[in-house]
Amino acid sequence: MNRDRLAARLLTTFLGELEEQLRVMNTDLLALEAAPRDADRLKSVFRVAHTLKGAARAAGVPPIEQACHALETVLAEARDGNRTLGKDAFSLLFAAVDALADAGQRLGAGQDPLGAPLEALLSSLRGADSPKTAPPAPGPGVAALAPAERTDGQVRVEVEKLDALLASASLLLAASARAAARKDELAALHEVSRRRAVEYSRAGRRVRLALERAAASPAAAQSVTEMEQSLWQVARETGRMMGVATEDARALAQTTDEVIDRTRRLRMRPFADACEALPRAVRDLATAAGKEAQLMLEGGAVEADRGVLDMLREALLHLVRNAVDHGLEHPGAREAAGKPRRGTVRVAATLRGDGLVIVVADDGAGINVAGIRSLLERRAARVPASDREVARLLFQGGLTTRAQPTAISGRGVGLDLVRAAIDRMGGTVDVTWTPGRGTTFTVECPLSLATVHALLVAVGPQVLAMPTAHVERLIRVRLGDVKHAEGRAVIVTAGDTVPLIPLARLLPPLPEKSLLDPFPVVVLSAGERRLAVAVDELITEQEVLVQPLESGGRRLPHLSGGVLLASGAVALALNTPALIASGLESAADGRIAPAETETHGPARRRIVVVDDSITTRALEQSILEAAGYDVRTAVDGADAWKILQEQGSDLVVADVEMPRMDGFALCEAIRGSKRFKELPVVLVSALETPAHRARGLEAGADAYIGKSSFDQQGLLDAIRQLLD
């Protein structure tokens, strides 16, 4: 390796070590400031300065080496009892952390590390009786080498490499879906070839008998036999190919799941990583504002995707700054209110389903709603009747109850940045408070921005992916059930009125088509906000990998990325909270255009859909109702059997794994019934091994469809064949 490459490599290693060591120094200084006699903390800070001095020398960064050497002198004097660490000393030490961090950022950008902060630090350290000379060169036997190799079993991986690995995993997921689809196609081909062989064998016996009676030549009978043998050979070969394809698809699916899971784990980091700057921020802000404050962190071990944590850092910093500066009172005011002099800011993270819930709370005075109302009235702006809605206006920016802005706050630009960051993540943020007791900000966001469980829908020619975390219900709405309130179309669901808007209207230039009667609707929710969107078609529900979209640096409204489908097409992943906000804030428009009445499939043939998943049940119901069928739903086999006894049916579509009575048992009950033994049954299950498929067919199912490669057209085709 040549000298330049070695120098570049050492510098890269040094920058990583600088970041880690400064993180340790920040933590230790905060603890040392609270307990200045803690000898172990003081030794730890000294070790950091010493380690960085050696690392800077190895990487060839003299300014940082000199600063660390001067820091060593100050810390050694404190360690030896020759210097008292008071307020001024800690201000100097915290300034050193900031100056060294600034120097590292300058180095990373290819600039001279000796900028204003480091120059000021060196000057201050020299004024604190640190030596003005450069640190001594290493003595005999001391080599100026790179920092020792890490021995904690960890390896530093570049973010770009993780992102590239995730992109490859996306391609692997699409390939796995295609393999599953090919497997089902081969299964269908095998079934057709087997049926044709059986039919030809039956006909062949009659043909050979007729030829024998007609005294035809033996060659004619032989050709019939050869054709029969060829058809059976095709059936056997397609069966073999189906078995191989099934095993390959299963192996590929298992490998894909492992790769995606391990890639996801590589990207997962503890929530504490997003909070590294908060203790120092609380300390500095409280000092600057003349307040006393402590920070409590909870749930630091909760893990989330690195991308989520990176986007949360700035939002959390704004919320904590807001809590200290706006929320907490000065010590005298707190004592007068019967509170401890020192205020508390609590940052806590918990898991809720597939999401992350973060609470930033303080025990301060609460929100000055009266002050916000007064400000809005002075601006002649609309003033909501609800205090909650008034407080939410803080997230729009430009609102502050401060008479004069300070260096810390007062310009009304903090909480709107929080909302913008959370919106980009597809999350929500809300605020509650108790006057005189404190304020709580609650953030809900996904654990990962890369992998999501999504509902795929179609609007015109475009497939869209909606995270199921925000999908509340799937329903079919008749045009006659659409109501109007304040000039806006609404529907009534779950006892509540929900605004309705065609999804295409929120996503120009997608075409807005006239609606069928009934038409599919997805009810979305984000926090307490709900919106119903009309779509052209509900497709399926599946786990997807979301990739960033190239947009020339422009933000694409309502979109969070792209999803590669098994067909090779790209679906657009929706930023659902932003979509809901846009739909609710858009101008009232009651236009819901009906389409010409169309008939799909047999008129009002009755089908019972059985599945213990409400989402899957609703999706299949919507698909079948769109095709013109009258659909009844059941939560398990026992519920379905009761419906059959009371109402009858023309066909049953059932899951396999269900409580009380599973799909196999339901099949056997139907086949053992004198009344329903001829009733067609389609099993749709995630159990897709040949053994499970064979078990389903043995139980009496007429068709067996795997959920991993679920295709609504395949389901409709199977149903039409069975009902014709």
Side-chain angles (χ1 to χ4, degrees), residues 30-38 86-87 90-91 275 277-300 315-350 357-377 383-395 399-412 414-415 418 429-443:
L30 287 167
L32 189 60
E33 187 178 36
R37 298 183 181 277
D38 189 335
K87 181 177 180 181
F90 278 109
S91 296
C275 303
L278 302 186
R280 177 70 187 279
V282 169
R283 182 259 178 201
D284 291 349
L285 286 168
T287 300
K291 298 180 179 180
E292 296 181 15
Q294 63 179 348
L295 177 69
M296 295 178 58
L297 292 177
E298 301 172 9
L316 290 175
L317 186 58
H318 279 297
L319 289 174
V320 167
R321 289 168 63 93
N322 184 80
V324 175
D325 195 42
H326 287 280
L328 299 183
E329 310 95 331
H330 285 84
R334 290 181 63 85
E335 286 185 326
K339 297 180 179 180
R341 285 179 58 84
R342 174 175 291 184
T344 298
V345 178
R346 185 173 70 93
V347 178
T350 56
V357 179
I358 302 159
V359 170
V360 178
D362 65 69
D363 62 350
I367 294 178
N368 182 6
V369 178
I372 300 173
R373 287 184 180 278
S374 176
L375 177 61
L376 292 172
E377 290 169 355
V383 182
S386 163
D387 284 354
R388 188 81 176 273
E389 290 302 318
V390 170
R392 284 174 175 162
L393 292 177
L394 291 170
F395 293 113
L399 284 179
T400 179
T401 54
R402 282 281 168 83
Q404 294 293 330
T406 67
I408 300 173
S409 64
R411 299 187 184 275
L415 293 181
V418 171
V429 58
D430 206 351
V431 60
T432 57
W433 71 98
T434 301
R437 307 305 301 172
T439 304
T440 299
F441 289 90
T442 302
V443 174

Peer 1: Quick one: are V282 and V320 in side-chain contact, heavy atoms under 4.5 Å?
Peer 2: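 In short, these two side chains touch, coming nearer than 4.5 Å.
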Peer 1: Can a donor-acceptor pair be found, under 3.5 Å and without considering hydrogens, that links the side chain of K291 to the backbone of E329?
Peer 2: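 Judged by distance alone, no pair lies under 3.5 Å.
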Peer 1: Quick one: are R373 and V390 in side-chain contact, heavy atoms under 4.5 Å?
Peer 2: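 The answer is yes, as the side chains (C-beta and beyond) meet within the 4.5 Å cut-off.
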Peer 1: Considering residues at least two apart in sequence or located in another chain, which fulfil the side-chain hydrogen bond (donor to acceptor under 3.5 Å, both in side chains) criterion with E377?
Peer 2: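 Listed in chain order: nothing, the list is empty.
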Peer 1: So, the side chain of R388 versus the backbone of V431: is there a donor-acceptor pair under 3.5 Å, distance only?
Peer 2: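 Such a contact is found between R388 side chain and V431 backbone.
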Peer 1: Looking at every non-hydrogen atom in both residues, tell me the closest pair between A391 and W433 and how far apart they are.
Peer 2: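 Between these two residues, the closest heavy atoms are CB-CZ3, 3.5 Å.
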Peer 1: Under the 3.5 angstrom rule, does the side chain of T287 hit a backbone N or O of R283 as a donor-acceptor pair?
Peer 2: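 The answer is yes, because a donor-acceptor pair under 3.5 Å joins these two groups.
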Peer 1: Do you know which two heavy atoms are closest between L317 and A281, and how far apart they sit?
Peer 2: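 In terms of heavy atoms, the two residues are closest at CD1-CB, 3.5 Å.
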Peer 1: Taking all non-hydrogen atoms of both residues, which atom of V324 and which atom of A286 are closest, and how far apart?
Peer 2: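 Of all heavy-atom pairs spanning V324 and A286, the closest is CG1-N, 3.9 Å.
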Peer 1: Using side-chain contact (heavy atoms from CB on, under 4.5 Å) as the criterion, point out the one residue from L415, I358, T432 that pairs with F441.
Peer 2: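 Going through the options one by one, the only one that passes is L415.
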Peer 1: Do T440 and V359 come close enough that some side-chain heavy atom pair is under 4.5 Å?
Peer 2: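 Contact flag for T440/V359 side chains = yes.
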Peer 1: Any idea which heavy atoms bring P384 and E389 closest together, and the distance?
Peer 2: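 Smallest interatomic distance, heavy atoms only, reads CB-CB, 3.6 Å.
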Peer 1: Report, as yes or no, whether the 6.0 Å neighbourhood of atom CZ on R341 holds more than 12 heavy atoms from other residues, nucleotides or ligands.
Peer 2: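 Atom CZ in R341 is crowded, with more than 12 foreign heavy atoms closer than 6.0 Å.
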Peer 1: Enter the distance from L285:CG to L278:CG here, rounded to the nearest 0.5 Å.
Peer 2: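 Going from CG on L285 over to CG on L278, the span is 10.5 Å.
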Peer 1: Is any side-chain heavy atom of R392 less than 4.5 Å from a side-chain heavy atom of D430?
Peer 2: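 When only atoms from C-beta onward are counted, D430 and R392 do touch, with a gap below 4.5 Å.
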Peer 1: Are the side chain of R334 and the backbone N or O of P340 linked by a donor-acceptor pair below 3.5 Å?
Peer 2: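 Indeed, once roles are kept as given, a pair shorter than 3.5 Å links the two residues.
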Peer 1: With a 4.5 Å heavy-atom cut-off, do V347 and L295 have their side chains touching?
Peer 2: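 In short, these two side chains touch, coming nearer than 4.5 Å.
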Peer 1: Any side-chain heavy atom of V360 sitting closer than 4.5 Å to one from V443?
Peer 2: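 Sidechains of V443 and V360: no contact.
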Peer 1: Judged by atom type as modelled, is there a donor-acceptor pair below 3.5 Å linking the side chain of H330 to the main-chain atoms of E292?
Peer 2: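 A pair under 3.5 Å: no.
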Peer 1: State, to 0.1 Å, how close T439 and I367 come at their nearest heavy-atom pair, and which atoms those are.
Peer 2: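 Looking at all heavy atoms of both residues, the closest pair is OG1-N, 3.8 Å.
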Peer 1: Between D363 and K339, is the closest basic N to carboxylate O distance under 4.0 Å?
Peer 2: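 Salt bridge between K339 and D363, a charged N being under 4.0 Å from a carboxylate O: no.
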Peer 1: Within this structure, what is the CG-CG distance for the pair L316 and L297, rounded to the nearest 0.5 Å?
Peer 2: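 L316 CG to L297 CG: 9.5 Å, rounded to 0.5 Å.
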Peer 1: Can you give me the closest heavy-atom contact between V418 and A315, atom names plus distance?
Peer 2: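 Heavy atoms of V418 and A315 come nearest at CG2-O, 3.7 Å.
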Peer 1: Rounded to the nearest 0.5 Å, what's the gap from OG1 on T344 to CZ on R346? Could you check?
Peer 2: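 Nearest 0.5 Å value for the OG1-CZ distance: 10.5 Å.
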